[in-house]
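For the single chain, residues carry numbers from 1 onward in sequence order.
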Amino acid sequence: MTPIPSTDVVRLVALREDPLDVAEVIDSLGDAAAGALTLFVGRVRDHDGGRGVDGLDYSAHPSALERLREVADRVAAEHDVLGVAAVHRVGTLHVGDVAVVVATTSAHRAASFAASRALIDTLKAEVPVWKHQRFDDGSDEWVGTP
């Protein structure tokens with residue numbers, strides 16, 4: 001999906017079928033005034049709830065990109081940050097693949113830590129991206145669906 005154009009603070013917001021590039025997120029936040037960059041990388045783990053995970057698929061509602069942008073804009077407005085970036089993967093992922101990358105920059109670390117935590121937590125709670133997990137016993141489950 002095509003990323004939404006950036007603003008001065010919200011630099012990168014995208015949903016991607018291709019593998020995510022952590023360097024792209026970091027590069028999007030380049031700023032000489034930023035003394036802190038806080039980065040969160042979410043990866044597909046090999047277990048969940050005591051069961052082995054073989055892989056998963058992420059599906060996004062057509063409004064997901066717009067909702068992701070709204071979350072990024074809100075975090076930018078509520079925290080003293082210089083830059084915000086959020087990229088989420090959709091499609092089929094395997095154990096170890098990067099599923100989500102969020103990052104913020106600020107003059108000092110405290111603001112960046114708080115903003116990045118708010119960004120990933122709010123993204124997970126509000127952006128309509130759903131996970132379909134496949135377990136090693138042949139079972140599966142949907143996570144985060146309405």
Report task. Mind jotting down which residue pairs meet the salt bridge (charged side-chain N to carboxylate O under 4.0 Å, His left out) criterion with at least one end in residues 100-120? Sequence neighbours excluded, please. Result -> R117-D121
Requested in this report: Hey, could you give me the CG/CG distance between D73 and L68, rounded to the nearest 0.5 Å?
Outcome: 9.5 Å
Query raised in the report: What pairs with H47 under side-chain contact (heavy atoms from CB on, under 4.5 Å), at least two apart in sequence or on another chain?
Result: R45
Report summary line: Sorted by chain and residue number, the side-chain hydrogen bond (donor to acceptor under 3.5 Å, both in side chains) partners of D136 (sequence neighbours excluded) come out as none
Requested in this report: For the pair R69 and E66, find out whether any cationic side-chain nitrogen is under 4.0 Å from an anionic carboxylate oxygen.
Outcome: no
Query - Side chains of S63 and H61, donor plus acceptor under 3.5 Å - result: yes
Report task. Report the C-alpha separation of V84 and L119 in whole Å, then their side-chain angles, then the decisive distance to 0.1 Å, and conclude whether the side-chain contact (heavy atoms from CB on, under 4.5 Å) test is met. Result -> CA-CA 9 Å; V84 173; L119 183 57; 3.8 Å; yes
**Report entry** Under 3.5 Å donor-acceptor, R89 side chain and E17 backbone
**Finding:** yes
Query - Connected hydrophobic set around V143, excluding itself, where side chains approach under 4.5 Å - result: none
Report task. Among T105, V101, T104, find the residue that satisfies the side chain to side chain contact (heavy atoms under 4.5 Å, CB included) test when tested with L39. Result -> V101
Report task. Hydrophobic side-chain clustering at under 4.5 Å (ILVMFWY, transitive links): who's grouped with L82? Put none if nobody. Result -> none
Report task. With sequence neighbours left out, write down each residue that passes side-chain hydrogen bond (donor to acceptor under 3.5 Å, both in side chains) with E78, or none if nothing qualifies. Result -> none
Report summary line: Quick note, ring pair (Phe, Tyr, Trp, His ring centres under 6.0 Å) partners involving residues 127-146, not counting sequence neighbours, are H132-W142
Query raised in the report: What salt bridge (charged side-chain N to carboxylate O under 4.0 Å, His left out) pairs are there with at least one residue in residues 137-146, not counting sequence neighbours?
Result: R51-E141
Report task. Taking the side chain as every heavy atom from C-beta outward, state whether V87 and V100 have any pair of such atoms under 4.5 Å apart. Result -> no
Requested in this report: Apply side-chain contact (heavy atoms from CB on, under 4.5 Å) to L15 and L65, showing your working.
Outcome: CA-CA 6 Å; L15 297 175; L65 186 59; 4.1 Å; yes
Query raised in the report: Shared ILVMFWY cluster between F113 and V81, side chains joined below 4.5 angstrom?
Result: no
Report summary line: Heavy-atom nearest pair, V75 first then A115, reads CG1-O, 3.6 Å
Using residues 91-99 as the side-chain source, report each donor-acceptor pair under 3.5 Å to any protein atom, sequence neighbours left out, with the distance given to one decimal.
| residue | atom | partner | partner atom | Å |
| --- | --- | --- | --- | --- |
| T92 | OG1 | D57 | OD1 | 2.5 |
| D97 | OD2 | H94 | N | 2.7 |

Requested in this report: Could you list all the side-chain hydrogen bond (donor to acceptor under 3.5 Å, both in side chains) pairs where at least one residue sits in residues 30-41, not counting sequence neighbours?
Outcome: R11-D31, T38-S112
Report task. Determine which pairs satisfy ring pair (Phe, Tyr, Trp, His ring centres under 6.0 Å) with at least one residue from residues 66-89, sequence neighbours left out, and list them in order. Result -> Y58-H88
Requested in this report: Scan residues 18-30 for pairs that pass salt bridge (charged side-chain N to carboxylate O under 4.0 Å, His left out), counting only residues two or more places apart or in two chains.
Outcome: R16-E24
Query - Stepwise side-chain contact (heavy atoms from CB on, under 4.5 Å) test for V102 and L123 - result: CA-CA 9 Å; V102 301; L123 179 162; 4.0 Å; yes
